[in-house]
Amino acid sequence: VIRRVALLEVKQDVRDVAVIVSAGGEIDSGTVDTLVSHLESALEAASDHPNRVLVLELADVTYFGSAGLNAVLGCYERGRSGGISVRLVASNAEVTMPIEVTKLDNVLRPYRTVTDALDGTDEQR
Amino acid sequence: MTEDAERGLPAAVFGADPDVGRDLAQVDWAVTPLGPPSGWPLSLQTAVSILLSSRFPMWMAWGPELTFFCNAAYRRDTLGRKYPWALGRPASEVWSEIWDDIGPRIDRVLSTEQATWDVGLLLFLERSGYPEETYHTFSYSPLRDDEGHVVGMLCVVSEDTQQVIGERRMATLRDLGSDPSVIRTEEESLAFAHRQLGQNLRDLPFTLTYLFDEAGDARLAGASGIRAGHPAVPTVLPADGAAIWPVQQAARGEQVLLDLVGAKYSDLPTGDWPEPPVKAMVVPLIERGGTSSGFLVAALNRYRPINEKNTGFVLLVAAHIAAGLGSARSYRTQQKRAEELAELDRAKTRFFSNISHEFRTPLTLILDPVAELRGRSSGLDDQVREDLDVVWRNGLRLTKLVNTLLDFSRIEAGRAQARYEPVELSAVTTELASVFRSAVDRAGLDFVVDCPALDEPVYVDRDMWEKVVLNLLSNALKFTFDGSISVRVRRQGNDAVVTVADTGVGVPAGEMPRLFERFHRIESAHARSNEGSGIGLALVQELVHLHGGTITAESAEGAGTAFTISLPFGSAHLPVASVTPTGGSRAASGVAEPYVQEALRWIPGDDTDGRPIHVAESAVTPDNAKLPDSGSGTTARVLIADDNADMREYLSRQLSGAGYRVDTVSDGQQALEAVRAGLPDVVVSDVMMPRLDGLALVSTLRADSRTAAVPVLLLSARAGQEASIEGFQAGADDYLVKPFAAAELLARVRANIELARLRNHHARWRTALVDSLQEAFFVCDDNGAVIEVNAAFTDIIGYGSDGLPYHLPFAWWPSPDTDPEAYRQVESAFAELLTEEHGNFTVPVNHRDGHRLWVTVSFNHATDPETGHRVTVGTFRDVTAEHYTVQRESALASLNQQLAQADTLDDAVRAAAEELRKLWRAHRVVAVTLSPASAETGAPQFICVGEPSQWSHLPPRTQQMIRSLGEGDLLTPDTAQPGMAAIALQHPRGVLVLHIELTERRPFTAEDHMLLTVLAGRLGQGLQRVHQLDQQRETALALQNAILGPAKLPNGFAVRYQPATRPLQVGGDWYDVVDLDDGRIALIVGDCVGHGLAAATVMGQLRSACRALLLENPSPCAALVAMDQFATRLPGARCTTAFCAVLSPDTGELVYSSAGHPPPIMVLADGTTKLLDGARATPLGLSFDRSRPEYRETLSPRATLLLYTDGLVERRREPLDAGIARAVDLVQQNRDSALDDLAMQVMSRLAPGGGYQDDVALLLYRQPAPLEVEFPAEASQLAPTRAALKGWLSQAGMDADQTLKVLIATGEALANAIEHGHRALMEGTISLRATAFAGRVDVTVVDAGSWKTPVSAAHRGRGIALMRALMQDVIIQPRASGTTVHMHTRIA
């Protein structure tokens, strides 16, 4: 029996500066629930965090469709209403292209690297 | 521990196939000579392993008992129920039923170590519980043990059963439809069909056809494979009795599958088999309309299972037979109808002629004495006189009626003898009208005669014209009660127009179309009289038509009626022979009398005495019913010729006083004319007279056979012997010298009359005989001039004795200008008549009225006993009818031939129109098909031969004629308009109307009528047949395609096969696509020499062989090398060309080798083209070189490949390269089309004008083959499906950026589909199809759910937004059954 490699892996890292969630693999309607539950707990962690910053790193995501977009957008909106700055990190076309073609780049404004995200500031919109 | 391990089995031996391997493992090998598998030699293990891993059917035998092994493919295709029993048993036991066939072959392999090869061998396998007819192509090859000794054999086999049987049945169906001759009768049709069925005694061991008769009994009508008189073949099967065959079910239209068991079915013939059939099918023969006209009993092949394929074949056979019967029956019906119509027509004409003649003689004998009685001044009281008047008037009416009928029958028979003379039409018409004036006055009507003189004469036959005008006037008077009747003559262009109008009751609009119809009486409550035969106006129309004119009527009910006649000026439109250059003046003839008498009787309150008006009574007697002067009983007539008036007076007084009727003339010339006008009993002539003297008169009379017998008494003042000798020499009968005594004159006259009567008794007898001859009789003198004719002569060709003598060239000869061929024929025949002693010939002649006749002439030479001159005596009869019968038969034959050659309905119609044009030497023939479709568009389908035209260019009158014919009775010619004829007939797409415009204005005779009817009937039937053949052709094509290629094509290929256009037959081209074991695909296109079943058989074998070889070793060059050897042994296989390639679909790598085949065409995505012309070598079976070249090529992404046979590109008088270049261009231009569309384009656009002259096979492939994935609607399927798409996009040559776009867009569509699938049905499946074109990729996603329009939340619309943003032309089609998303992206 071959061990099936999980399609999506999500890690949460609570650092001094922020809560960092890293996702790798394919995000579709079959895997998005995993991401959503991780984002729920990360938002909780961030609300307890002194800096109230949640960095979501998607650099290793190889498929990102509307399911992923909706999950990330939901997280962003809930963070904003809870006073948490949700910062997205992605420079790979698999992720940036769907964001750009749906004109969500104005909202989500992905950072190129985690460092940029940690340095970045929230812009009030 | 597993069982296998317990037995010490190395798992790998049977591991290649889990199913068969498990069953092999179950075998108790210890009891076989081979022992437990653990002890098997390596060679056996290898052989078993290869066997099991192959997907091609194989079995093998090993060891001393030839122990049997087989693989899964063999189990499926061949072994049937013998599995798994057969495993591990001796081969001789497994195949005991065919061991006689295969045992010796196996022995040969084992002893000679040489492989065997059998193609299409018939073997009776008992794998399904009964012996089964099967065909196999197989090779036995030796198997060696570890030491190299032959210890077994391997059989690679492909079963050809379906193909062999399919070809055999197709041949039978094709033969059934192949009868080139036209089947006339049901018997011929059935005999032909059963002859064909008798050729296939394998599928149909015997067949019987029964047809139902009127009583419902079934009568034997045909059989194959069984002798007549066999107990199973009763000639009659009673409708109700328990017959051997199920009559009642068949009559109800039911099919029956019968078991042929029991004593009544004993001793049945076996067909081509050792045992008799055990089942038969009884199939009703259903005719159009759905009734069962009989049934077919078809014994079935006992060696094949009963399934849809087999019964379907019998149904097709029955359908063929039923169609043939239908054709024959409809032909028979149409033929019969045509004959009945013609017979009716002939009978009618005969009746009219007979009855009219029969009436005339008694009428004459009634009217003459009545006229005489009425003329008496005394002895009659008033009552008697009144009664006589009644007799007189009614006699006249009857005479008029009889004359009219006779006129009709003359016109009908083409024997109306018109004599057209130039007249001043106004004057003639005025004169005729004046006859009616008193009657019109008496009726209290105004009579307007407005006929100013015309400046040009009109040619009319006076008698006919009188009838025209009198009929119209009589008609007007009959229906007019107040107001006026008018007669007007005017010039209008090139016509003289005569109008007869009234202010009478008028004609109801509904009756107008039938106004001129014969015997049709307009029922009018308001008329002066109810008398009338209903033929007056019909006669008027016929007479006007004879004059080349037209008559029309306009009428308004209650307002009046106007008849307008147009007659052309001049004589150009009239038959030359009937035209007289000068006209004579003449008083109104007796024709008018009956009209006026009749009209006067209508006028109420008038006590007319019925006295004739301006008309001599004698003229009333019908003119051609004059009683001949029959001799003794009647008064003798004397003609006196003398220039001295006193002498004339004296002679006249003397002879009248003696009771003779006397005519007098004043010179010889007048005497001659008087004699010719009517023979007197004696001529008394002076010798000395001006112009023509007595002697000359005598010799002239004697020179003319008609007058030679008239006795002549010469009177002369010259006495003496010489004078009398001179007189006698001249031919005078007697000679009297003046002065003479009155008594002597009377005695001489009396003596001469009596002598002449005695002498002429014989001559009269002869004349009577000659005149009574049914055949025409004539005498020619030695110059060829016709000097005597009889009545039949006149009746037949219209030239009478009054025109004698007739000189060469005769007026009845065809014109050398317009009909040179007929003229030559007559001329040379007549030359023979003058030179030969006797003989006969058939020639065309023209009747006086211009119509064409055919006569058969017999002639003999004789010497005139009186003059000693040589004369020719001839008779002839009218063989026009026979001639036209022959003509009809040959026209039918010619039409049949044309119909047999026609491929399409239009071809057939055009050919038939051309036949009609030639037959009638017509100016133009148009064929118009009126169908429901054409009724909508307005312009029917139009075919024209002769002078070109179009529907829109036809005169409205002709268009109307065609349209109304199309709605009227079929097969009823319309010849109402002179110079035209038209007929309507059944066409498979509607009604066909043929319209003929004749070149000459000639009557369309009864024979023409019949001929047209028969030809049209035949054409109607022929069109049905062409239509059927067309459909049969399509059936044959479908069948052929079915046996040609692989049953199921791998994805991504398009193939076509088209046989040569004509004749339709199986060809030698083939294509094949074979899935190889390793995922590769073999492509083969080949072309055997020749056509027909032989070439097809060779093709089938080569195809099977090539397939088997490639499955064995997927190397194109190895396959072709092996085919070389095969081809040298298979007759007819040499010179086959073939192209063979193996494709790796994932990389596009193509390995190929060509045996003299035209190079395939490759077109890359960017339009670059390339021919696969490497690795070319000789066609199969020519080279003995054991190697062939092989070449590699890579199909780059979205490249298109076309394999074809030379029929596609080869054209006469053109190098092959040009054709190939055309194909290259076409593929290049259409590289963005779907493969099926491209295949259609190639087949249609490369087809030459007349269709393909050779078979064409073609095969198209585009790299990569479309991706087709189906998966259950579960989210876990998304990732693997995307992975598959990603791999395919890379094969399709997409770059990373576009790949990502397609993946995301498709991912969204798939995710949506899953959501729908979930909602709709848990078990729903989703399919994804991606197709590559040169410049784009299409993606289609289909689910079984319903699309939910995303309105509620913004995020639901995001998926569609993504699709639309990333792909082009995103189309979402929500349907009840599921939703389809279609989108594509261009590739730069």
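Bear in mind that the values here come from a model prediction, so they are computed numbers and not experimental data. Numbers restart at 1 for each chain; the letters A, B, ... are given by sequence-line order, proteins then strands. Side chains included, hydrogens not; waters and symmetry mates left out as well; all remaining heavy atoms used.
For B:L1366, the part lying near chain A is the side chain, with the backbone staying farther off; criterion is any non-hydrogen pair under 4.5 Å. Of the two parts of A:T102, only the side chain, counted from C-beta on, holds a non-hydrogen atom closer than 4.5 Å to a non-hydrogen atom of chain B. Proximity to chain A (any heavy atom under 4.5 Å) is restricted, for B:R1282, to the side chain, taken from C-beta onward.
A side-chain donor-acceptor contact under 3.5 Å links B:E1308 to the backbone of A:S66.
The two residues B:A1279 and A:D28 have their closest heavy-atom pair at N-OD2, 4.1 Å. Across B:L1362 and A:G65, no two heavy atoms sit closer than the pair CD1-C, 4.2 Å. Taking each heavy atom of A:Y63 and B:L1303 in turn, the nearest pair found is CE1-O, 3.7 Å. The two residues B:L1300 and A:M97 come nearest to each other via the heavy atoms CD2-CE, 3.9 Å. The two residues A:L73 and B:R1358 have their closest heavy-atom pair at CD2-NH1, 3.6 Å.
Around CG of B:D1297, the count of heavy atoms belonging to other residues, nucleotides or ligands within 6.0 Å exceeds 12.
A:T31 is not listed as a side-chain neighbour of B:L1278, based on a closest heavy-atom distance of 4.5 Å or more.
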